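All of these numbers come straight from a predicted model, not from anything done at the bench. Letters go in sequence order (proteins before strands), and every chain restarts at 1.
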Amino acid sequence: MNKRTLEENIFKILMMISISLVVGSLIIIVALVIINGAPALSLDLLTQTSSGEFYLGAGGGGILNAIVGSLLLALPATGLACLIGIAIALYLQKDFIHSWLAGFIRFSLDILWGIPSIIYGVFCFLIMIYLGMSASVMFGIIALTLLEIPIITRYMDESIKLVPIGLKEGAYSLGSTKFETAVKVVPRQALPGILAGILLGLGRGIGDAASILFTAGFTNRIPSSIYDSTAALPTMIFQLSTSSLPVVRQKASATALVLLIIVFTISILSRTLSKRYMKHVIK
Amino acid sequence: MNRRKLRDFLGTKLMLVVTVAVSLLFFSIFFLLLFKSLLIFEQHSLTEILFSSSWNPGFNQFGLYPIIVGTILVTGIALIIAVPISILSAVYIAEYAPKKVRKVIRPFIDVLAGVPSVVYGLCALLFLVPFVKDVVAPWFGIETTGYCILTASITLAIMVFPIIISLCVESFHAIPLSLREASLSVGATKWETVKKVIFRASAPSVISAVFLGFGRAFGETIAVNMVVGGITRTPSTLFSPGQTLASLIVSAYSDMMSSPLYESALMMVALILFIVVLLFNIFGIFVLRRANKRWNV
């Protein structure tokens, strides 16, 4: 008996150590970014574009181009991925497609979800080279769209799956077509899940560096058209952190702080929004 | 009436086209990468590429052996660190934690999953690199810059935590309560129940969680690139710098346009990455689906 309780206690302690390591690593990450980044965070940093000296530590300039670039890349990409995602997620319902085929498509979406983002980056880079174009906002958007499609689609799909059959039958019995039911009735019921999926995709897209590194390029200016290359927050952090100067690294942390604030806001927004729109859901 | 039918027809077909296009995406990535890497296979044999240890694109040498060893080491050690910690944490969250604690910890893990990988990389750069250089390495009596295999592994382990934990917690929750009650009622302690009932009942899901975690770690690019050292030499110890497949693509992309052969070699690296991650994910998802059916989730 004693040996058994001893084992129980040993593993309890090991569990406490594990969970504190996991929670501790998150706290350390956030603390590191705040401690290193907060002193460098200023209004100038947020409202000026970067210049050559910016990377050499000599004051001057900010990350406005990266902030704008990130929004220019992630927002349209999320919009596109959302349009494509909703079409697929609605089509995966039993009303349209055999369930084994739907299962196969879900399976391939799950696999696409796991593909490293660098592969999407390389894929878009190859297409870009083939078309004889150079790194630009356009290809950054395409890369992020591809990255976000599986996430958004699967999230929407999971919540659309839960729409009660009676609701759809009600729509059909009133004479609506399949498409009308899918577009007008189903999304309203699945709205909380759809919103959560979109925001999750946005959070993933805005934080990803590997896919836009080759496809969106890097520049100090704010892009004026979709054929211009652009900086983004993740690529900016990547650029700045390679420097050995502490001042520049501090700027990297400040940029990371901005990115973390954006990502956390999105995740909080996703929780509150899906709660709020729960009220339209018929249970 | 006709207009509605037309809209129904067009709308449905549009949805079909989009679905087919995205399903084909997967094959188009595969074939494009394969097509691009044909060039390197024309000049070098597969065994030469996989087992030659000289990577020197300028001199037409494309041996991937050091990079493959580096990738396996970094990923393997990351999993050795991450798997026990994640599983124990998951057991705590699912079985031991009081409801209040659970409610606090779950969002923590979700947030950890949402931290962008470049931020992990930056934190590793700020904290882990000096830590490994000044604390861990002297402990073993080894000198290092801190940019090494071990640093990259620890970074990856932290990135994999949320994936394995949330999948494991889900699978533990799916096990019927009656199984636990049966074990507890014959006098087993809580840990014995976890060890002999929960682990056995959820083994397939735990294995698939590990596989999916592996897929994530294997393909992680930016964070690894920032701390692994980026030197294509076969690492001799855990404290020597190395290179991984994904990180190589980032390091080399700026000069890859210099020769078509070099470009082809990098596309082959991407292809290997794609195939390996694909196999692990297919296996992981397949096992997970079978496991979910078991408890009718």
Side-chain angles (χ1 to χ4, degrees), chain A residues 4-5 7-8 11-12 14-16 18-19 21-23 25-26 28-29 32-33 36 84 87-88 90-92 96 105 107-108 110-112 114-119 122-123 126 146 149 177-180 183 203 207-210 213-214 234 237-238 241 249 252-253 256 259-260 263-264 267, chain B residues 4-5 7-8 11-12 14-16 18-19 22-23 25-26 29 32 36 85 88-89 91-92 96 105 108 110-112 114-123 125-127 158 161 165 189-192 212 215-216 219-222 226 246 249-250 253 267 270 273-274 277-278 281-282 285:
Chain A
R4 290 170 59 203
T5 40
E7 192 184 324
E8 172 96 28
F11 274 96
K12 255 189 195 163
L14 284 178
M15 277 176 218
M16 295 313 282
S18 307
I19 197 82
L21 277 175
V22 172
V23 175
S25 53
L26 177 66
I28 290 177
I29 287 170
L32 271 175
V33 170
N36 286 290
I84 295 171
I88 300 173
L90 290 174
Y91 199 73
L92 287 178
F96 291 101
I105 293 170
F107 188 66
S108 54
D110 280 345
I111 292 167
L112 279 177
I115 301 274
S117 57
I118 181 87
I119 300 284
V122 167
F123 178 66
L126 287 177
L146 295 182
I149 285 174
T177 61
K178 276 186 190 177
F179 184 67
E180 283 166 347
V183 173
D208 196 76
L213 204 54
F214 328 133
I237 297 169
F238 186 61
S241 65
R249 281 199 178 184
S253 306
L259 182 59
L260 270 189
V263 169
F264 288 169
S267 116
Chain B
R4 284 179 59 206
K5 272 201 169 152
R7 201 185 292 160
D8 180 56
T12 313
L14 185 69
M15 278 151 74
L16 175 70
V18 171
T19 309
V22 171
S23 311
L25 172 66
F26 177 76
I29 294 177
L32 188 60
K36 278 283 173 184
I85 294 180
L88 282 174
S89 306
V91 169
Y92 179 76
Y96 283 83
I105 291 182
F108 251 90
D110 289 345
V111 169
L112 193 64
V115 174
S117 62
V118 68
V119 176
Y120 280 104
L122 180 70
C123 290
L125 213 58
L126 291 170
F127 178 72
I158 296 171
F161 282 156
I165 292 177
T189 62
K190 210 164 187 184
W191 171 251
E192 279 171 337
L212 294 176
R216 173 82 198 269
E220 180 45 48
T221 314
I222 292 292
M226 285 161 89
I249 301 176
V250 167
Y253 95 101
M267 291 310 125
L273 196 67
F274 182 77
V277 172
L278 198 69
N281 280 344
I282 289 178
I285 294 167

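Using a 4.5 Å cut-off between heavy atoms, A:Phe123 contacts chain B through both its backbone and its side chain. In this structure, chain A has heavy atoms under 4.5 Å from both the backbone and the side chain of B:Phe26. For chain B, the nearby parts of A:Leu26 are the backbone and the side chain; heavy atoms of each come within less than 4.5 Å. B:Phe161 touches chain A through its side chain: at least one heavy atom from C-beta onward sits under 4.5 Å away, while N, CA, C and O do not. Interface remark: B:Ile105 contributes side-chain atoms only to the contact with chain A (heavy atom separation under 4.5 Å). Residue B:Thr221 touches chain A through its side chain alone, counting heavy-atom pairs closer than 4.5 Å. Contacts of A:Val122 with chain B are made by side-chain atoms alone, with heavy-atom separations under 4.5 Å and no backbone atom involved. If you measure heavy-atom distances from A:Leu260 to chain B, the contacts under 4.5 Å come from the side chain alone. Only the side chain of B:Ile165 comes within contact range of chain A, with heavy atoms under 4.5 Å apart. Contact annotation for B:Leu112: both backbone and side-chain heavy atoms come within less than 4.5 Å of a heavy atom of chain A. Proximity to chain B involves both the backbone and the side chain of A:Ser253, based on heavy atoms less than 4.5 angstrom apart. Both the backbone and the side chain of A:Phe238 come within contact range of chain B, with heavy atoms under 4.5 Å apart. For B:Val277, the part lying near chain A is the side chain, with the backbone staying farther off; criterion is any non-hydrogen pair under 4.5 Å. With a 4.5 angstrom heavy-atom cutoff, A:Ile149 touches chain B only via side-chain atoms. A:Ile115 touches chain B through backbone and side chain together, each having a heavy atom under 4.5 Å away. In this structure, the portion of A:Leu259 lying under 4.5 Å from any heavy atom of chain B is its side chain and not its backbone. Of the two parts of A:Leu112, only the side chain, counted from C-beta on, holds a non-hydrogen atom closer than 4.5 Å to a non-hydrogen atom of chain B.
The nearest pair of heavy atoms linking A:Ser241 to B:Leu122 is CB-CD1, 3.7 Å. Considering all non-hydrogen atoms of both residues, A:Leu90 and B:Met15 come closest at CB-CE, 3.6 Å.
With rounding to the nearest 0.5 angstrom, the CD1 atom of B:Ile282 is 11.5 Å from the CG atom of A:Asp110. In this structure, CZ in B:Phe127 is found 11.5 Å from CG in A:Asn36, a value given to the nearest 0.5 Å. To the nearest 0.5 angstrom, A:Leu32 atom CG is 6.0 Å from B:Leu126 atom CG.
In this structure a side-chain-to-backbone donor-acceptor pair under 3.5 Å is present from B:Asp8 to A:Phe179.
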What verdict does the side-chain contact (heavy atoms from CB on, under 4.5 Å) test give for A:Val22 and B:Ile158, after you've listed the backbone C-alpha separation in whole Å, the side-chain angles of each residue and the deciding distance to 0.1 Å?
CA-CA 7 Å; A:Val22 172; B:Ile158 296 171; over 6 Å; no
Show, in sequence, the C-alpha distance, side-chain angles and deciding distance for B:Ile249 and A:Phe214, and conclude whether the side-chain contact (heavy atoms from CB on, under 4.5 Å) test is met. CA-CA 10 Å; B:Ile249 301 176; A:Phe214 328 133; 3.8 Å; yes
Could you walk me through whether B:Trp191 and A:Met15 pass the side-chain contact (heavy atoms from CB on, under 4.5 Å) check?
CA-CA 11 Å; B:Trp191 171 251; A:Met15 277 176 218; 3.5 Å; yes
TODO: Run the numbers on B:Thr12 and A:Tyr91 for side-chain contact (heavy atoms from CB on, under 4.5 Å), then give the verdict.
DONE: CA-CA 8 Å; B:Thr12 313; A:Tyr91 199 73; 3.9 Å; yes
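Looking only at heavy-atom pairs under 4.5 Å with chain A, the residue among B:Val22, B:Asp110, B:Val91, B:Leu278 that has the most is B:Val22. Here B:Gly219 is the residue among B:Gly219, B:Ala246, B:Ser117 with the most heavy-atom pairs under 4.5 Å with chain A.
Salt bridge B:Lys190/A:Glu8: absent, no basic N to carboxylate O contact under 4.0 Å.
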